[in-house]
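Heads up: the structure comes next, in structure tokens.
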Amino acid sequence: MSTAFILIAAKNIRDTILDHESELESLDREIGDGDHYINMKRGVSTIVEMEADLAGYPPDAVLNKIGMKLLSTIGGASGPLLASFFMGMAKVLKEKGDESTHTYASAFAAGVDVIRLRGKADLGEKTMLDVLIPVSRQFTQLAADNMPVPQICTVLITTAEQGMQSTRDLIATKGRAAGLGERAIGHIDPGAKSCQLMIAAVCNLLLEAKESLG
Ligand code: ADP
Ligand code: MG
């Protein structure tokens with residue numbers, strides 16, 4: 001995954017977040033404080049605006065800079081968590097020093113682990129981790145099985161969708177929705193929705209890139 005790919009992916013992520021404005025806003029209005037869309041929009045727009053400053057750096061440095069920028073631009077609970085994801089990923093990419101699918105799977109898993117530690121949350125607590133943990137586990141497994149990237153992408157799109165949908169029936173034990181008890185049931189977690197959208201955007205881009213290469 002080159003720096004050029006990361007910069008195109010950032011634009012696709014911004015577009016998908018902007019396309020889902022009303023959905024993201026209403027999910028956080030239902031079980032949060034309504035600011036999730038604004039937080040995400042600020043973050044993704046800022047990253048796209050950094051394009052010229054990022055272009056000359058290797059992927060690990062780009063992801064680290066993205067993390068640092070998100071830390072200072074996105075507010076709310078989601079900002080520092082997503083920021084730490086990118087910094088966690090960057091650290092592993094830098095240490096491993098290659099761009100294989102295995103390395104990206106390890107880097108993704110490391111990013112998710114940092115969110116877990118920072119947010120003191122785990123699977124089943126009705127947060128973004130209900131998307132990120134299953135996707136990370138699946139990615140690690142499929143990379144170990146040497147599955148080709150397009151097939152991995154197709155599976156991960158479905159895994160992310162299922163994880164996002166799984167939050168609907170959960171009671172929240174972390175984040176703002178934790179105070180709602182059973183009233184949170186029936187609503188999808190906004191952070192889980194935005195993570196699912198971002199994962200789908202990157203996977204679809206990889207699928208398109210393969211198609212155009214023939
Ligand atoms: P805030 O909750 O401060 O208003 P946002 O609305 O931007 O911030 O983000 C809310 C999302 O953050 C939630 O939907 C959830 O997915 C995620 N989140 C909140 N707390 C945690 C946590 N401790 N661990 C993981 N994710 C969390
Ligand atoms: Mg909120």
Side-chain angles (χ1 to χ4, degrees), residues 10 13-48 66-89 107-139 156-157 159-202:
I13 286 175
R14 177 202 53 194
D15 293 347
T16 193
I17 295 293
L18 298 192
D19 283 349
H20 290 80
E21 170 173 0
S22 61
E23 187 178 0
L24 291 173
E25 212 164 57
S26 61
L27 290 177
D28 199 36
R29 224 178 300 118
E30 283 156 6
I31 60 165
D33 57 356
D35 66 348
H36 186 63
Y37 172 73
I38 296 292
N39 289 338
M40 292 300 297
K41 180 185 171 186
R42 190 178 303 133
V44 294
S45 304
T46 307
I47 300 310
V48 171
I66 287 176
M68 289 196 302
K69 194 71 182 179
L70 291 178
L71 199 54
S72 62
T73 47
I74 315 191
S78 55
L81 295 174
L82 291 171
S84 54
F85 170 79
F86 287 104
M87 292 191 269
M89 249 192 115
F108 190 94
V112 174
D113 275 342
V114 188
I115 295 187
R116 249 168 148 156
L117 286 173
R118 228 188 145 119
K120 298 182 179 62
D122 218 314
L123 195 63
E125 301 206 73
K126 201 178 181 95
T127 71
M128 57 175 77
L129 286 169
D130 292 315
V131 169
L132 296 173
I133 292 173
V135 166
S136 170
R137 287 182 182 159
Q138 188 75 262
F139 190 7
L156 295 187
I157 289 170
T159 307
E161 174 80 28
Q162 287 166 346
M164 178 271 288
Q165 292 290 353
S166 78
T167 65
R168 192 193 298 274
D169 297 329
L170 293 171
I171 290 176
T173 41
K174 288 283 163 16
R176 283 180 201 279
L180 295 176
E182 302 221 333
R183 276 178 293 148
I185 294 178
H187 302 282
I188 286 168
D189 174 65
K193 180 66 200 175
S194 47
C195 285
Q196 177 261 320
L197 290 171
M198 294 190 282
I199 289 164
V202 176

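By convention here, the first residue in the shown sequence is residue 1. Basis for what follows: all heavy atoms, side chains included, without hydrogens, waters or symmetry-related copies. Quick caveat, the model's predicted, so the values are computed rather than measured. Both ligands and their constituent atoms are indexed starting at 1 by order of listing.
Ligand 1 has at least one atom lying under 4.0 Å from a heavy atom of R176. Using 4.0 Å as the threshold, P190 has a heavy atom nearer than that to some atom of ligand 1.
Between atom CD1 of residue I133 and atom CG of residue D122 there is a gap of 4.5 Å, rounded to the nearest 0.5 Å.
Residue D28 approaches ligand 1 through these ligand atoms, each under 4.0 Å from one of its heavy atoms: 6 (O). For ligand 1, the atoms lying closer than 4.0 Å to a non-hydrogen atom of D33 are 4 (O). Residue A121 has at least one heavy-atom neighbour below 4.0 Å for each of these atoms of ligand 1: 24 (N). Each of the atoms 19 (C), 20 (N) of ligand 1 lies under 4.0 Å from some heavy atom of G175. Close contacts between ligand 1 and D35 involve ligand atoms 4 (O), 5 (P), 6 (O) [criterion: under 4.0 Å to a heavy atom].
Judged by distance alone, with hydrogens and angles left aside, the side-chain atoms of D130 form a donor-acceptor pair with the main-chain N or O of G124 at under 3.5 Å. Without hydrogens or angle criteria, D28 side chain to E25 main chain gives no donor-acceptor distance under 3.5 Å. In this structure a side-chain-to-backbone donor-acceptor pair under 3.5 Å is present from K126 to H187. Within the 3.5 Å criterion, the main-chain N or O of K41 finds a donor-acceptor partner in the side chain of S45. Using a distance-only test at 3.5 Å, with no hydrogens or angles considered, a donor-acceptor pair links the side chain of K174 to the main chain of K120. At distances below 3.5 Å, at least one donor-acceptor pair connects side-chain atoms of T167 with backbone N or O atoms of D189.
Looking at D35, its N, O or S atom nearest to the Mg ion (ligand 2) turns out to be OD1. Checked against the Mg ion (ligand 2), the N, O or S atom of D28 at the shortest distance is OD2. The Mg ion (ligand 2) sits nearest to atom OD1 when only the N, O or S atoms of D33 are considered.
Taking each of G76, S78, A77 in turn, the one with a heavy atom nearest to atom 7 (O) of ligand 1 proves to be S78.
Across all non-hydrogen atoms, the minimal contact from T16 to A201 is CG2-CB, 4.0 Å. Heavy atoms only, all atoms of each residue included: L123 and P134 are closest at CD1-CD, 3.8 Å. Nearest approach of V114 to S84, heavy atoms of both residues: CG1-CB, 3.6 Å.
Checked against a 3.5 angstrom limit, the closest N/O atoms of G191 and ligand 1 fall inside it.
If you check which protein heavy atom lies closest to atom 16 (O) of ligand 1, you get D189 OD2, 2.6 Å. Atom 17 (C) of ligand 1 has as its closest protein heavy atom M128 CE, 3.8 Å. Nearest protein neighbour of atom 10 (C) of ligand 1, counting heavy atoms only, is H36 ND1, 4.0 Å. Looking only at protein heavy atoms, the nearest one to atom 23 (N) of ligand 1 is G119 O, 2.8 Å. For atom 18 (N) of ligand 1, the closest heavy atom belonging to the protein is L81 CD1, 4.0 Å.
Here I74 has no heavy atoms under 4.0 Å from ligand 1, in either its backbone or its side chain.
Counting heavy atoms from C-beta on, the side chains of N39 and R42 come closer than 4.5 Å.
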